Number of protein chains: 2
Amino acid sequence: MDHKALKLFISNFVELTENDWKAVEPVIEVLHLKKNGFFIREGKIAKKIAFTNKGYLRVYYNHDGDEITRDISPLYTMITALPSYIKQKPSFEIIQAITDCELLIIKRDHLEFLYDNYPNWQKVGRRIIEEMFVETQNRIYSLITQTAEARYKKMIESFPDIFLHVPLQYIASYLGITSQSLSRLRKTIKF
Amino acid sequence: MDHKALKLFISNFVELTENDWKAVEPVIEVLHLKKNGFFIREGKIAKKIAFTNKGYLRVYYNHDGDEITRDISPLYTMITALPSYIKQKPSFEIIQAITDCELLIIKRDHLEFLYDNYPNWQKVGRRIIEEMFVETQNRIYSLITQTAEARYKKMIESFPDIFLHVPLQYIASYLGITSQSLSRLRKTIKF
DNA sequence: CAAAAAAGTTAACAAATGGTAAAAAAAGCT
DNA sequence: AGCTTTTTTTACCATTTGTTAACTTTTTTG
């Protein structure tokens, strides 16, 4: 296993040494999930972080019986139920495979060990979450300034591959609208 | 200057040593901003982070002539224009004092030095941004699942002090609605 | 204090989105 | 393939929010 995509992903943030990589290699596990398989279930405590080497995950939660999709992970990103992961409390967020997935996993204990013993890894953790924070801010801007139609069009531009794999109802709730509203939008949009 | 509030804030995340504190004391500066004074102007490059020791700041940007408020900082929080700070590119975000403010400042170069030489400080940086990320996620949930009225009510509960100091138009755009809509909501809500 | 500017409110109408229900289309299952 | 379940679309009406414009109130400034 050479973890090529993972190394490329991380090299965007920090230049790691051979030694840093040697420390992480033994604690990376591979997890294959079938479509609809769960990475994290409701009420469970998140004890690992995943890198999506193949496939798409979604993060959602149950809101009065409706599933609200907070995130659809593109390829090659880090993902976990962070509120649960940080506080080690039962997760309200559910993470499930939209397609068959290959995930690279690191357990929380291992990652904490890396953080405390390899300053470069602590830095990786900080830099990645910083980027995720900025992206989330951008999403807030689009939610408070743009119509659902504009958000939908932007999503098509930014993540065209997602539409090949992800049911529209998930996309609708990610955009903050009902699937009926999304259908209506799609009817009026011509390309 | 004993930085009591700052120490309390940081101790929520990481236990620092005397030595860690000795390293940061010399590089903390105090900045007093008058109401409407700028912490970061549009087009400038963010080179510092603030801790709001007194007063309230807002983060906003110009969107077709309208000011869109992305954030209103409560007391005792860290704040900067992160996209500009990370990439060292001109900021589209503007940070301005809503009230007279006392800010504890650390310059980016100093903070980077701390990050690279004091693992505990790197950890502080990571833990704080993790928390901010989770809060931002919660805001996304409320934007995609709740009506403006529900968001407004929740804001009153969560940050009652903000309403004593912050113009309603800023709150409206923070909630993702116009100030006219907020007026309408306020008229219909009885307490 | 008075004038000017900014902030907040109101109203009428327009546009966007939600809720409900049903039909159509697609996907999953023996 | 045929049956079942899930997903997507459509339609109608209700609700929420936006737009424009005028007015009122509050704050700032000379």
Side-chain angles (χ1 to χ4, degrees), chain A residues 33-37 55-56 58 60 62-69 72 96-100 140-156 162-191, chain B residues 33-37 55-56 58 60 62-69 72 94 96-100 140-156 162-190:
Chain A
L33 280 185
K34 288 280 175 200
K35 179 175 178 177
N36 294 325
Y56 299 87
R58 77 178 170 122
Y60 66 99
N62 284 318
H63 177 259
D64 308 338
D66 289 336
E67 294 181 351
I68 302 299
T69 298
I72 298 166
Q96 194 174 8
I98 297 175
T99 62
D100 290 356
I140 285 181
Y141 274 127
S142 84
L143 285 166
I144 66 183
T145 61
Q146 298 186 301
T147 63
E149 180 176 333
R151 296 200 297 277
Y152 176 67
K153 283 179 171 171
K154 190 175 163 192
M155 191 175 179
I156 293 173
I162 294 243
F163 289 83
L164 303 173
H165 306 288
V166 177
L168 289 169
Q169 52 181 334
Y170 301 164
I171 292 170
S173 93
Y174 177 89
L175 294 172
I177 57 178
T178 61
S179 61
Q180 293 90 327
S181 293
L182 180 57
S183 268
R184 180 167 38 202
L185 288 182
R186 286 162 54 82
K187 195 166 54 168
T188 66
I189 297 174
K190 290 289 158 272
F191 299 96
Chain B
L33 279 186
K34 287 280 175 200
K35 179 175 178 177
N36 294 326
Y56 298 86
R58 76 179 171 122
Y60 66 99
N62 286 316
H63 177 259
D64 308 339
D66 290 336
E67 293 180 352
I68 303 299
T69 298
I72 298 167
I94 302 159
Q96 194 175 7
I98 296 174
T99 61
D100 291 354
I140 284 180
Y141 274 126
S142 84
L143 284 167
I144 65 183
T145 61
Q146 299 187 300
T147 63
E149 180 175 333
R151 296 199 298 277
Y152 176 67
K153 283 179 171 170
K154 191 174 163 191
M155 191 175 178
I156 293 173
I162 294 244
F163 289 84
L164 304 173
H165 305 289
V166 177
L168 289 169
Q169 52 181 334
Y170 301 163
I171 291 170
S173 94
Y174 177 88
L175 294 171
I177 58 177
T178 60
S179 62
Q180 293 91 326
S181 293
L182 181 55
S183 268
R184 182 167 37 202
L185 288 182
R186 285 161 55 82
K187 194 166 56 168
T188 66
I189 297 174
K190 292 287 158 273

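These numbers come from a predicted model, not from an experiment.
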**Student:** Distance check needed: C/dA27 C1' versus A/Asp100 CG, whole Å only.
**Tutor:** 15 Å
**Student:** Roughly how far apart are B/Thr145 OG1 and A/His63 NE2, rounded to 0.5 Å?
**Tutor:** 4.0 Å
**Student:** Grab the N/O contacts between the protein and nucleotides 7-9 of chain D below 3.5 Å, and write none if there aren't any.
**Tutor:**
residue: D/dT7; atom: OP1; partner: A/Gln169; partner atom: NE2; Å: 3.2
residue: D/dT7; atom: OP2; partner: A/Gln169; partner atom: NE2; Å: 3.4
residue: D/dT7; atom: O5'; partner: A/Gln169; partner atom: NE2; Å: 3.0
residue: D/dT8; atom: OP1; partner: A/Leu168; partner atom: N; Å: 2.7
residue: D/dT8; atom: OP2; partner: A/Leu168; partner atom: N; Å: 3.2
residue: D/dT8; atom: OP2; partner: A/Gln169; partner atom: N; Å: 3.0
residue: D/dT9; atom: OP1; partner: A/Arg186; partner atom: NE; Å: 3.3
residue: D/dT9; atom: OP1; partner: A/Arg186; partner atom: NH2; Å: 3.3
residue: D/dT9; atom: OP2; partner: A/Ser183; partner atom: OG; Å: 2.6
residue: D/dT9; atom: O5'; partner: A/Ser183; partner atom: OG; Å: 3.2

**Student:** Distance from B/Lys34 atom NZ to B/Asn36 atom CG, nearest 0.5 Å?
**Tutor:** 11.5 Å
**Student:** Taking all non-hydrogen atoms of both residues, which atom of A/Gly37 and which atom of A/Leu33 are closest, and how far apart?
**Tutor:** O-CD1, 4.0 Å
**Student:** What is the separation between atom CD1 on B/Ile177 and atom P on C/dG8, rounded to the nearest whole Å?
**Tutor:** 13 Å
**Student:** Atom CD1 of B/Ile72 and atom CZ of B/Phe163: how far apart are they, to the nearest 0.5 Å?
**Tutor:** 8.0 Å
**Student:** Distance from B/Gln96 atom CD to B/Tyr170 atom OH, nearest 0.5 Å?
**Tutor:** 6.0 Å
**Student:** For DNA chain D, determine which residues of residues 140-148 of chain B have any heavy atom closer than 4.0 angstrom to one of its atoms, and list them numerically.
**Tutor:** B/Thr147, B/Ala148
**Student:** Tell me which nucleotide among D/dT17, C/dG18, C/dT17 gets nearest to the side chain of A/Leu185.
**Tutor:** C/dT17
**Student:** Taking atom CD1 of A/Ile162 and atom CG of A/Leu164, what is their separation to the nearest 0.5 Å?
**Tutor:** 9.5 Å
**Student:** Evaluate B/Arg151 against B/Ile177 for side-chain contact (heavy atoms from CB on, under 4.5 Å), listing each step before the verdict.
**Tutor:** CA-CA 11 Å; B/Arg151 296 199 298 277; B/Ile177 58 177; 4.3 Å; yes
**Student:** Expressed as a whole number of angstroms, how long is the span from B/Glu149:CD to D/dG18:C1'?
**Tutor:** 17 Å
**Student:** Quick one: list whatever passes ring pair (Phe, Tyr, Trp, His ring centres under 6.0 Å) with B/Tyr174, sequence neighbours left out.
**Tutor:** none
**Student:** Walk me through whether B/Asn62 and B/Glu67 qualify under side-chain contact (heavy atoms from CB on, under 4.5 Å).
**Tutor:** CA-CA 5 Å; B/Asn62 286 316; B/Glu67 293 180 352; 3.6 Å; yes
**Student:** Which angle, rounded to 10°, do you find between the first-five-pair axis and the last-five-pair axis of the helix from C/dC1-D/dG30 to C/dT30-D/dA1?
**Tutor:** 60°
**Student:** Between the protein and nucleotides 26-30 of chain D, which nitrogen or oxygen pairs are less than 3.5 angstrom apart?
**Tutor:**
residue: D/dT28; atom: OP1; partner: B/Lys35; partner atom: NZ; Å: 2.9

**Student:** For A/Leu143 and B/Ile144, run side-chain contact (heavy atoms from CB on, under 4.5 Å): C-alpha distance rounded to whole Å, both residues' side-chain angles, the deciding distance at 0.1 Å, then the answer.
**Tutor:** CA-CA 8 Å; A/Leu143 285 166; B/Ile144 65 183; 3.9 Å; yes
**Student:** Give the rounded distance in Å between these two atoms: CD1 of A/Ile189 and P of C/dA16.
**Tutor:** 12 Å
**Student:** Does the pair B/Tyr56 and B/Thr99 meet the rule for a side-chain contact (heavy atoms from CB on, under 4.5 Å), with working shown?
**Tutor:** CA-CA 6 Å; B/Tyr56 298 86; B/Thr99 61; 3.9 Å; yes
**Student:** Rounded to the Å, how far apart are A/Leu164 CG and C/dA26 P?
**Tutor:** 16 Å
**Student:** Could you state the CG-P distance from A/Asp66 to C/dT20, rounded to the nearest angstrom?
**Tutor:** 10 Å
**Student:** Hey, does the side chain of B/Thr178 come within less than 4.0 Å of D/dG18's phosphate (OP1/OP2), counting only N and O?
**Tutor:** yes
**Student:** Side chain to side chain donor-acceptor pair (under 3.5 Å) between B/Arg186 and B/Ser183: does it pass, once the steps are laid out?
**Tutor:** CA-CA 5 Å; B/Arg186 285 161 55 82; B/Ser183 268; 5.5 Å; no
**Student:** Kindly say whether, by distance alone, the side chain of B/Arg184 makes a donor-acceptor pair under 3.5 Å with the base of C/dG8?
**Tutor:** no
**Student:** Atom OH of A/Tyr152 to atom P of C/dT17: distance rounded to whole Å?
**Tutor:** 14 Å
**Student:** What's the separation between atom OH in A/Tyr152 and atom CD in A/Gln146, rounded to the nearest 0.5 Å?
**Tutor:** 15.0 Å
**Student:** Quick one: side chain to side chain donor-acceptor pair (under 3.5 Å) partners of B/Ser179, sequence neighbours excluded?
**Tutor:** none
